[in-house]
Every structure is written in structure tokens, then in C-alpha cells.
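Accompanying notes for the structure given below.
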Amino acid sequence: MGVCKFADHLPLYRVEQITARQGVPIARSTLAAWIGRIGVALQPLCDRLAELLRQRPCLHADETPVRQLDPGAGKTKTAYLWAYRSNDFDTGPPIVVFDYQTGRAGAHARAFLEGWRGHLMVDDFSGYKKLFTNGVTEFACLVHIRRNFFKLHQDHGSPIAAEALRRIGLLYEIEREGSELTIPARLELRQRRAKPVLADLYDWLQATQKIAAKGSKIEGAIAHAIKRWPALLRYADSGSLPIDNNPAENSVRPIVLGKKNWLFAGSERAGQRAAAIQSLLATAKLNGIEPLAWLTETLEKLPTCPNHQLDTLLPLARNRQP
């Protein structure tokens, strides 16, 4: 049931209909109870996955709103699913962990990353800012900068936006060339090719800002890019750091699809259990592991697995036999 709901995005009422059609009617309340029990059983594995994630030197972070039932008010309220993703240039297997919280306050990110020191790729959301005064280094996302210009070009055919997109495209061409290189070779490529493009882009942004109409959307897009520039530049001085936050956004995208179908979490506890299931199934998919096969095997082994062997059950590529 966990795979149907969280990997295939089926709300439980549809699963109920499918099982009834197949001659095995299962009440929706029973399905929900099973989901809850799976979430409880998998929580220790999710906690361990989060521990391993926080050992990585560079992380991506993003967050998306979800609806949570608010019985006292007779309606729903907004909660948030915070996504933390490993860097694809890391040597370890990819990991994504979802942290369910009732709000978007920066305290939630600080609590999840408490004690962690490294490089964090985020958008310009203010909730992350205090982390950057306490040993965490901020990296800005080029996709977020590009998105402002793309919308202006799409909506208004702005020639200035088109030129910004062309210049940003040069940086992504360099990244494509370096995608399969070693870390030292990628650093050399970025230093030799990307840094001059970045310098020219910054000079162009400053010059264009002076002639852009004050308060216009194009002036706002340029101002945002200049504001984020110090944090954006940092990737070019490394061969192992990302240029954008696409890995985190791609991890959140299935959640966005799923929540349109299952609509809301029944409670904070249900949201936390769902987050544990989603973390493990999403990590399985990132590692090329079939989620249902992993979940079935894990639920069979978990009751007798000693704590010191929990890592062997994690859906990481290094745990799979060749």
C-alpha cells in the first residue's frame, strides 16, 4: 500500500476500488492503518538515513506545502514537507530525506541540520539564512535566477531576458561537458571556461541594470541575480559542488504530484509517518532499486534485524548484491 500511495501517487480510495474490483475488498480505514504501521516500522531506517545524509559535505534543501486535516476547525491547514538531498557529485549513494513539519519557520531547517557544517544549496528563502551565520556555507541556485528571465522572455519576448538566457546557457553547456569528468578535471574546466563567462555575465548585468526601467520586472530579475551573485559564484571554485538546486526540486516534484491526488495528511503524526515512507522509497528509486521489492523484503527482515545491522536494510546501491 505504501508503494501505491507514495510511489505511484494513488489515493487510498482508488486502491480501495482496485482491490474491490479484483475481488479482495479492503476497507479504506484498513489501508490507512496499514500505512501507519508501515511508517512506524520504517522510522528507525529513516532516522538512520538522515544520519548518513548529515555526514555528507554538501546538501540540497527545498520545501513544499502540504495540507493537513485540522479537525477542530473543520478544515485543513498548511504544513510543510522539507526535502534534503545529497549532492550528485558525492562519491556515496544518493539519499533524499523528507522532514514533515507543521510550518515553514527556519527553526525546522536548523533543527534538522543541527550540528551539521557544510555547503548548502538553496533558493533565497529567508528560513535558511540563520544557518549561514553558524558554519554553513550558502550556494545559490542558477535555475532560480534563470527562471525569472525565462518567464519574462516567455510572457513578453524581452530581448534583455533572451540575452540573459543565452549567457546562462553557456554555463550549462560547460556543466554538460564536465558532467563525466573527475572532480579535479571539472574544477579545471570551471576555472578555465566558466569563470570568464560568469565575469562577463556579471558585468553585463550591472551595465543592463543601469538602463533598465526602475521598478520593472526585468530590473527586478537583474537585481535578484546581482543580490545572489556571491553565493552563486562559489560553485566555480570547486569541482564537486552543484550549479543549481535541481536535484532537490526533482525530489519534491513527485510529492507535488502525489498531494494533488491524496489531498491532505490526516494528522501531524500521519504526515511524519508518510515522510518516513517517502524518504525510503524515493531513495530506493534514486539508487535504481525497485521500491516494492525493497519494501517487501525489508518488512520481512526488519522485525529480527539487530540495530547494528540496520544499514544493511537501507535502500542504497552499496547494499545490493551484484
Side-chain angles (χ1 to χ4, degrees), residues 2-3 6-9 42-64 81-100 109 112-113 116-123 128 136-137 139 141-144 172 175-176 178-183 185-187 234-235 238-258 274-295 297-298 310-322:
V3 174
F6 299 116
D8 299 325
H9 319 300
L42 293 181
Q43 189 62 57
L45 289 178
C46 184
D47 292 343
R48 178 56 179 157
L49 199 65
E51 290 178 7
L52 293 175
L53 182 68
R54 286 189 288 263
Q55 293 175 12
R56 302 293 180 88
C58 175
L59 299 178
H60 297 260
D62 200 7
E63 69 289 332
T64 186
L81 205 59
W82 298 69
Y84 301 92
R85 169 75 153 79
S86 61
N87 171 21
D88 283 337
F89 293 136
D90 280 351
T91 56
I95 295 173
V96 59
V97 173
F98 298 105
D99 183 37
Y100 186 92
F112 184 87
L113 295 173
W116 180 78
R117 300 292 181 269
H119 302 91
L120 186 65
M121 169 62 77
V122 294
D123 59 23
Y128 299 110
V136 176
T137 302
F139 277 74
C141 173
L142 186 58
V143 160
H144 279 80
Y172 276 102
E175 286 303 294
R176 283 190 288 272
S179 61
E180 301 300 324
L181 297 179
T182 63
I183 289 175
R186 188 179 302 110
L187 172 59
R234 293 182 179 126
Y235 89 93
S238 168
S240 62
L241 295 172
I243 191 173
D244 60 38
N245 208 24
N246 270 352
E249 292 196 355
N250 290 339
S251 296
V252 166
R253 193 165 289 116
I255 305 298
V256 175
L257 174 62
I277 299 171
Q278 288 168 317
S279 299
L280 291 156
L281 295 184
T283 296
K285 293 178 71 174
L286 285 175
N287 283 269
I289 297 170
E290 204 288 310
L292 180 58
W294 172 83
L295 182 60
E297 180 182 358
T298 298
L310 280 182
D311 284 12
T312 64
L313 298 183
L314 293 174
L316 303 177
R318 69 187 185 197
N319 292 339
R320 314 310 292 178
Q321 295 298 321

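Nearest heavy atoms, L49 versus T283: CD2-OG1, 3.5 Å. Heavy atoms only, all atoms of each residue included: H119 and F139 are closest at CD2-CE1, 3.1 Å. Considering every non-hydrogen atom in both L181 and R186, the closest pair reads O-NH2, 2.8 Å. Among all heavy-atom pairs drawn from R85 and P94, the shortest one is NH1-CB, 4.1 Å. Of all the heavy atoms in F89 and I183, the pair that sits closest is O-CD1, 4.2 Å. Closest of all the heavy-atom pairs between M121 and P242 is CE-O, 3.4 Å.
Aromatic ring orientation, F112 versus Y84: parallel (interplanar angle below 30°, classes split at 30° and 60°).
Inter-residue side-chain proximity for L81 and Q278 is flagged as met; some heavy-atom pair is nearer than 4.5 Å. Within the 4.5 Å cutoff, the side chain of L280 has heavy atoms near those of the P315 side chain. Using a 4.5 Å heavy-atom threshold, the side chains of T137 and C58 count as separate. Side-chain contact between L316 and L52: present, with at least one pair of heavy atoms (C-beta onward) separated by less than 4.5 Å. Contact annotation: the side chain of V136 never approaches that of Y128 to less than 4.5 Å [non-hydrogen atoms, C-beta and beyond]. Proximity of I95 to D90: side-chain heavy atoms (C-beta onward) are nowhere separated by under 4.5 Å.
Qualifying side-chain contact (heavy atoms from CB on, under 4.5 Å) partners for T298, counting only residues two or more places apart in sequence or in other chains: L42, L45, W294, L313. Looking at residues two or more places apart in sequence or on another chain, you find a side chain to side chain donor-acceptor pair (under 3.5 Å) between Q43 and D47.
Remark: side-chain polar atoms of N246 are not paired, donor with acceptor, to backbone N or O of V143 under 3.5 angstrom. No donor-acceptor distance shorter than 3.5 angstrom exists from the side chain of N87 to the backbone of H60, with no hydrogens or angles considered. Listed for the N287 side chain is no donor-acceptor partner under 3.5 Å among the backbone atoms of I289.
Atom CG of L295 sits about 6.0 Å away from atom CG of L281, to the nearest 0.5 Å. Separation of atoms CG (L59) and CH2 (W116) is listed at 4.0 Å; rounding is to 0.5 Å. Going from atom CG of D62 over to atom CZ of R253 covers 9.5 Å, rounded to the nearest 0.5 Å. Between L314 atom CG and R48 atom CZ the span is 7.5 Å, to the nearest 0.5 Å.
Of the candidates S86, S279, S251, S279 is the only one forming a side chain to side chain contact (heavy atoms under 4.5 Å, CB included) with V97.
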